[in-house]
Amino acid sequence: MEIATKYEPQLIENKWYEFWMEHKLFASKPNGKPSFTVVIPPPNVTGILHMGHMLNNTIQDILVRRARMMGFNACWVPGTDHASIATEAKVVGMLREKGIDKRQLSREEFLKYAWEWKEKHGGIILQQLKKLGASCDWDRTKFTMDPELSEAVIDVFVDLYNKGKIYRGVRMVNWDPKALTAVSDEEVVYKELQSKLYYVRYQIEGTDNEYVTIATTRPETILGDTAICMHPDDERFKHLRGKRAIVPIVNRSIPLIFDEYVDREFGTGALKITPAHDINDYNLGLKYKLDTINIFNDNGTLNENAQFLVGVDRFKAREEIIPMLEKAGSLVKIEDYVNKVGFSERTNEVIEPKLSVQWFCDMRALAKPALDAVMNDDIKFYPEKFKNTYSYWMENVKDWCISRQLWWGHRIPAYYLPNKEFVVAKTKEEAFEIAKKKYPELNLKMEDLQQDEDVLDTWFSSWLWPMSVFDGLRHPDNEEIKYYYPTSVLITAPDIIFFWVARMIMAGLEWRKEVPFKHVYFTGTVRDKLRRKMSKSLGNSPDPIMLMEKFGADGVRMGMLLSSPAGNDLLFDESLCEQGRNFSNKIWNAFRLIKGWQVDDQIAQPLHSQVAVKWFQHRFNEVLATINADFDKFRISDALMGVYKLVWDDFCACFLEIVKPAYQQPIDGKTYSEIIDIFENLMLILHPFMPFITEELWHNLRERGENESIMIAQMPQPKAENGADNLLARFELTRKVVEDVRRVRAEKNIAQKNAIELLVIKQDDAETDAEMDSVIQKLCNISSIQYIKEKVSGTCSFIEQNTEYLIPIAQNINVEEELKKLNADLEYAEKFLQSVLKKLANERFVSNAPEQVVAVERKKQSDAEEKIKMLKEQIANLQ
RNA sequence: GGGAGUUUAGCUCAGCUGGUUUAGAGCGCCUCCUUGACAGGGAGGAGGUCAGCGGUCCGAAUCCGCUAACGCCCACCA
C-alpha cells in the first residue's frame, strides 16, 4: 500500500464530515442514556467566523465529542441570533447602497428586505463551523426569530408584565444617534478622550459685571441650561444665594441652586445644569423641579428649542458655539482635559443621554435566586474568579431597558388605545378583548388599537435560549426539555457575562425553577501577538477558513487550544497552528511506519517488544487518568498536552523505536496486533481534539463496517493493573540510562549504527533486570551488556541510581575533558549534599518537620554521599 | 475613584492545601546527526537569585504585608 509521506487534510476532511452527516452521527433524540447537552452561544445571523468563534466552538466540540464517546447522549444545539441593532444596521447600509432610504419604507417593506437579506447571508457562519468539524445536531438549528422562539419571547414579556415586573417609564437612556435607538447600560463602552474643558461665565441677574463661571466639556448644551449648581458649604458662592443667572447667547434667566452633589475641587466649583442631556443633571432637575429643555433631535442635531445653531450636529455645534460665546464676552478660558466618553458598542457612536419613554424590566427579584445559584455552586464558573464579577453586578443590578427603536426584532406586544392607555397581550385580538372589557365606554374597534413601534432588546430573546431551543417555554412538559434541560455546560466569553449568562440564569430559574446549565467555562479573549484584541478594523484577525485550508482543521483546533487556559487571554499566532499541523503529520507518519511492516506470525515476540507493550499499556493508563482529571477541571489545554506528549514522546519516540523491526525485516504477529490496539486507543483519546485525522486512521487500522465511526466508539478508561508502578519506575531508569548512552555516543562521535558494548558494575548480590536490559540494547544499539565487578580502563562512564555504567571506546580517552566533566558533576553533588546537610543539621528542622520529610532528606544525604564516593573513585582512576 | 487579577526560562504558560523541585512544560534557540516512518524529522544541550522589599515559619515560587509594573471589570465626576 502506498501512503503519502505527508498528511493532506484537504483530501479527507470533507469526506468525513459528509460521512458523519450522512450517518446522522450528530443527531440526538431523548433516550435512556444520560444526556450531555450544550447550546451554542448563537452567533449573529449575518456574522462571519472569527477567531473567537473558533476557540469557543473548538472547546464545545471537544467536550461534546468526548461525552458522546463516554456513553452520553450528546446533543449540541446550533443556531443564530437575530442581533437586532447589528443586523438592522447592515440592512440599512445595504439599502443605502441601493439608494434606498429606510425612512421612505414602511415597516413591512423594510422587514421584507431584512428577511431577504437574512435568508441570503444568514447562517454562513454555521456552514463555516462545519469546516471546523463541529458536531452539532444541525437538524435542530434554531434562530431567535423562528416562530416558536418568537412566541416564547412574547409569552415571557406578557408574563413578566402581568407579574408587574415590566413597566413603561420616562427615563434618561443611552441614546445611539446613529442607530436611532436606546441601548442598555451594558452596551455602552467608555473610552478616554483628549478633550477640552471650557470655562464660561454667566452674568448674575440684576448686576452689571458680576458673574459666576462654570466649567464644561459640552458648551453646546449651554443652550439647554436651566440652572447653575454650587456646593452649599462653598464660601465662594455664599453671596449668590437666592439669585439668578443669565444663560449666555439665549439670555434665559435660570436659578442658582445649592447641592452637595457638586465637587468643590472640580473646575470653578460651579456646575451648569442641563437636565435633558445629562443623567446627574436630570436627577438634580427632579430634585429641584427644574425645567427640562431638550435641545437635540434624535440624530444628534440641535432642534428649535436650542434657538441657535438649529440643525447643526452636536459636535459641529460644539465648535461653532465657541466664537459665539467669545463674542458675547462669556468665554473665560479653554483647558486641555482628558475625560471618559460613552460609545455605543454596536455603532461606535458617542452616546447621547436622552430622556425618553422606554420599557424596563425590574431585575431585583429575578436577580436574587440567580445570584444564589452561582454563589452556592449550583452553577460552577471556570475560572472561579468570575464569581466575584458576577456577584457584584447581581447585587447592584439595575433595571433593564428592554425597548429598542428598531424594526428588526420582536415587536413589543403593547397596544395603545385612543385614550392614551395601553394593554399588553399576546395578540392584537386578545388585546382587543381585554381593552373592550376594561374600557367599555370607548366603543373600541380593532383599528383603534395601535401596537407599540419598538422591538425588544436582542438579549430579551437570547436569555431564553437554553429553554426555547427545546420549546420548553411554550410546552414546559415536553419530552425534549425534560430530557435535555438543564444543559451540561456553557462555553462563552467573559464579556457577555452580564448580557447573557446572568440573564439566562435568571430566566431559567424564573420559568423552569431550574438553572440552565451546571458549568460555565469562560474562554479568554483571542488577541494577536502584540496583545491587541482581534478586530476587523485593526485587520489583525486571520481568516479562519484560510487557516484551516493551510493547516487543516485539526491543526487549527490544536493551535487554538495549545495556549488557552480558561479565562486567560490567548495570544494567537499562526505558528501554533503549524505545531498542530506538525502533530497531524507526526501521527500520520507513525501510521505509515506501522502499515509498512511485513508481519510474520512465525516469529516469536522478542523480549524487548514484550516489555515495551506492557510498559506502554501502563503508561497509557497513567496518562489517561491525568487527562480525565484535567477534563474534570476543564483544563482542556493541559489534557491536549498530555495526549500530545503521550503520542509524540512515549509512543513515537520511545515505544515504536523499541518494537520497530530491523530494516526490511518482518515484525512478529503478536507485537503487531498489540501495536494496532495501542494505536487505536491513541486515536480514541485524541479524537475529541482532532476528529478528522483520527477518523481516517481509525478506519485504516483495521477492517471496519460501513456504518462504523470512531465518533461513536467507546472511549477507553484507565485500568488499574498490578505491578504498573514498579514497571513504570524501572522503565524510567531505563530511559535515563538510554539518555546517558546517547550522550556518550554524541560526545564521542559514535554513530548509532555502530554497535557498542555496555559494562555495568554490580556486586554479587545485586539484582539484574534482563527485561530492561533488552530495551536498552534495542534502543542504544548495544551488542552486549556485561556485569563486572571492577572498573576497567578505556571506558567512558556514567552513574544512575548508584550504579556505574561503562562504555568501552576505541579512541583514547581525553583525560582532561573527562576530568572536567566529572569535577563538574562532583561539584554539583557536593553542593547538593551541603544543602541537605544544612537542613539536617538544623535541630529545629529535625524535631519539627514530619518524620517522612526528614527521612527523605536522610535518603538524599546517603544517595548524595554514595554518588560523591563513586565520582571521587572515577576521578582517582583517571589520574 | 472602587473591585478583582497578573508578574516564574527568549516567548506562552504549569506549579492544587508551604517539605523528593539547589523550579517544570510546549515552542523557540545552540551543537551534532540524518540515503531505512516523519528536515513538518532525530539525539544532545544551554537558558530562571520564581517583579522588588520586608515578615511568619525548622523550611517560602507557594502564606502575610508594603512597593512597582501591566491587563481586566465596575462607577454619574462636570
Side-chain angles (χ1 to χ4, degrees), chain A residues 3 5-7 172 190 197-198 214-218 221 229 261-263 265-268 270-274 278-283 337 339-340 342 353 383 385-389 392-393 396 494-495 497-498 525 527 529 531 551 555 562-565 567-571 573 575-576 578-579 581-597 633 635 637-638 641 644-645 648 652-653 656-657 660 662-664 738-739 742-747 749 751-752 828 831-832 834-836 839 842-850 852-857 859-860 863:
Chain A
I3 307 172
T5 58
K6 284 172 185 161
Y7 170 58
M172 187 66 85
Y190 287 88
L197 193 56
Y198 303 87
I214 57 90
T216 180
T217 52
R218 301 199 58 190
T221 62
C229 187
Y261 165 75
V262 177
D263 175 3
E265 306 302 317
F266 189 90
T268 61
L271 171 67
K272 72 182 209 61
I273 306 295
T274 322
D278 182 279
I279 179 69
N280 302 299
D281 292 8
Y282 175 66
N283 290 333
Y337 183 67
N339 66 340
K340 283 198 171 167
K385 66 177 176 185
F386 288 111
K387 267 170 94 167
N388 290 322
T389 315
Y392 183 82
W393 190 77
N396 299 285
D495 50 343
I497 185 169
F498 309 131
T525 308
R527 296 174 181 276
K529 271 195 278 189
R531 285 198 178 275
F551 300 107
L562 275 174
S563 175
S564 60
N568 276 15
D569 285 357
L570 160 61
L571 270 53
D573 184 345
S575 70
L576 294 171
E578 204 176 315
Q579 197 182 340
R581 180 200 57 190
N582 292 354
F583 186 45
S584 306
N585 202 50
K586 184 74 183 174
I587 298 164
W588 183 259
N589 275 290
F591 172 78
R592 225 180 109 225
L593 171 70
I594 294 164
K595 278 287 160 176
W597 290 332
K633 288 176 274 183
R635 299 182 62 140
S637 306
D638 289 351
M641 189 47 72
Y644 177 78
K645 285 197 276 192
W648 200 304
C652 294
L656 287 181
E657 291 302 326
K660 189 194 244 177
Y663 183 54
Q664 289 188 331
V738 168
E739 273 175 32
R742 283 173 174 166
R743 191 180 318 114
V744 171
R745 275 187 181 275
E747 278 165 9
N749 266 319
Q752 173 71 16
Y828 180 90
K831 264 195 185 168
F832 178 71
Q834 269 167 29
S835 75
V836 174
K839 247 187 194 177
N842 186 337
E843 268 179 50
R844 288 195 288 182
F845 168 70
V846 179
S847 53
N848 286 327
Q852 226 184 338
V853 174
V854 179
V856 165
E857 292 301 314
K859 176 85 166 60
K860 275 191 200 166
D863 286 354

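Computed from a predicted structure; not experimentally measured. Order of the sequence lines sets the chain letters (A, B, ...), proteins ahead of strands, with each chain counted from 1.
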Please report the distance, rounded to the nearest Å, between [atom1] in [X] and [atom2] in [N].
X: A/I273; N: B/C77; atom1: CD1; atom2: P; result: 15 Å
X: A/L271; N: B/C76; atom1: CG; atom2: P; result: 16 Å
X: A/D573; N: B/C13; atom1: CG; atom2: C1'; result: 15 Å
X: A/N396; N: B/C74; atom1: CG; atom2: P; result: 12 Å
X: A/W597; N: B/C38; atom1: CH2; atom2: C1'; result: 13 Å
X: A/Y7; N: B/G40; atom1: OH; atom2: C1'; result: 14 Å
X: A/N339; N: B/C77; atom1: CG; atom2: P; result: 10 Å
X: A/L656; N: B/C38; atom1: CG; atom2: P; result: 13 Å

Worksheet item: Residues two or more places apart in sequence or in another chain: which of them pass side chain to side chain donor-acceptor pair (under 3.5 Å) with A/N283?
Response: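 Listed in chain order: nothing, the list is empty.
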
Discussion item. I'd like to check the side chain to side chain donor-acceptor pair (under 3.5 Å) partners of A/S584; sequence neighbours left out, ordered by chain and number.
Written reply: none

Scan [X] against the nucleic acid and name what it touches under 4.0 Å (heavy atoms): base, sugar-phosphate only, or nothing.
X: A/E657; answer: base
X: A/A215; answer: base
X: A/N842; answer: sugar-phosphate
X: A/Y663; answer: base
X: A/R581; answer: base
X: A/F551; answer: nothing
X: A/K272; answer: nothing
X: A/R218; answer: nothing
X: A/E739; answer: sugar-phosphate
X: A/L571; answer: sugar-phosphate
X: A/V262; answer: base

Taking [M] as the reference, what is the distance to [N] when you measure between their [atom1] atoms (whole Å, please)?
N: B/G47; M: B/G10; atom1: C1'; result: 8 Å
N: B/G40; M: B/C13; atom1: C1'; result: 24 Å
N: B/A60; M: B/G19; atom1: P; result: 11 Å
N: B/C74; M: B/A61; atom1: C1'; result: 31 Å
N: B/G28; M: B/C11; atom1: P; result: 15 Å
N: B/U49; M: B/U22; atom1: C1'; result: 11 Å
N: B/G5; M: B/C76; atom1: C1'; result: 26 Å
N: B/G42; M: B/U35; atom1: P; result: 15 Å

Is there a side-chain contact between [X] and [Y], using heavy atoms and a 4.5 Å cut-off?
X: A/I279; Y: A/P353; answer: no
X: A/L271; Y: A/Y261; answer: yes
X: A/R592; Y: A/N589; answer: yes

Practice prompt. Specify the residue among A/A590 and A/A746 whose closest nucleotide of RNA chain B lies further upstream toward the 5′ end.
Written response: A/A590

Any side-chain N or O of [X] below 4.0 angstrom from OP1/OP2 of [N]?
X: A/R743; N: B/G45; answer: yes
X: A/R592; N: B/G40; answer: no
X: A/K387; N: B/G5; answer: no
X: A/Y392; N: B/A75; answer: no

Worksheet item: Quick one: side-chain contact (heavy atoms from CB on, under 4.5 Å) partners of A/Y828, sequence neighbours excluded?
Response: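 With sequence neighbours excluded, A/Y828 shows a side-chain contact (heavy atoms from CB on, under 4.5 Å) to no residue whatsoever.
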
Discussion item. One character per nucleotide, please: for nucleotides 18-25 of chain B, 5' to 3', B when the base has a protein heavy atom closer than 4.0 Å, S when only the sugar-phosphate does, - otherwise.
Written reply: -BS-B--S

Worksheet item: B/G47: syn or anti, with syn meaning chi within 90° of zero?
Response: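 Syn, angle within 90° of zero.
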
Identified pairing partner of [N], criterion: Watson-Crick or G-U wobble below 3.5 Å:
N: B/G41; answer: B/C33
N: B/C58; answer: B/G19
N: B/G65; answer: B/C53

Worksheet item: Which heavy atom in A/N280 sits nearest to a heavy atom in A/D278, and how many Å separate them?
Response: N-OD1, 2.8 Å

Practice prompt. Tell me, please, which residues at least two apart from A/R742 pass salt bridge (charged side-chain N to carboxylate O under 4.0 Å, His left out).
Written response: none

Item to complete: With sequence neighbours excluded, tell me which residues meet salt bridge (charged side-chain N to carboxylate O under 4.0 Å, His left out) with A/R745.
Response: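 Checked A/R745 against salt bridge (charged side-chain N to carboxylate O under 4.0 Å, His left out); zero matches.
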
Going from [atom1] on [X] to [atom2] on [Y], what distance comes out if it is rounded to the nearest 0.5 angstrom?
X: A/F498; Y: A/Y392; atom1: CZ; atom2: OH; value: 10.0 Å
X: A/R635; Y: A/M641; atom1: CZ; atom2: CE; value: 12.5 Å
X: A/E657; Y: A/L593; atom1: CD; atom2: CG; value: 8.0 Å

Worksheet item: Which of the following nucleotides, B/A37, B/G5, B/G40, is nearest to the side chain of A/K385?
Response: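 Among the listed nucleotides, the one closest to the side chain of A/K385 is B/G5.
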
Worksheet item: Among B/A4, B/G41, B/C76, which nucleotide sits nearest the side chain of A/N388?
Response: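 Of all the options, the side chain of A/N388 is nearest to B/A4.
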
Nucleotide N/O of nucleotides 27-29 of chain B paired with protein N/O under 3.5 Å:
residue	atom	partner	partner atom	Å
B/C27	OP1	A/Y644	OH	3.2

Under 3.5 Å, which protein N or O atoms sit close to an N or O of nucleotides 71-73 of chain B? Give each pair with its distance.
none

Taking ring pair (Phe, Tyr, Trp, His ring centres under 6.0 Å) as the test, write out the residues that go with [X], two or more places apart.
X: A/F551; result: none
X: A/W597; result: none
X: A/Y282; result: none
X: A/F266; result: A/Y337

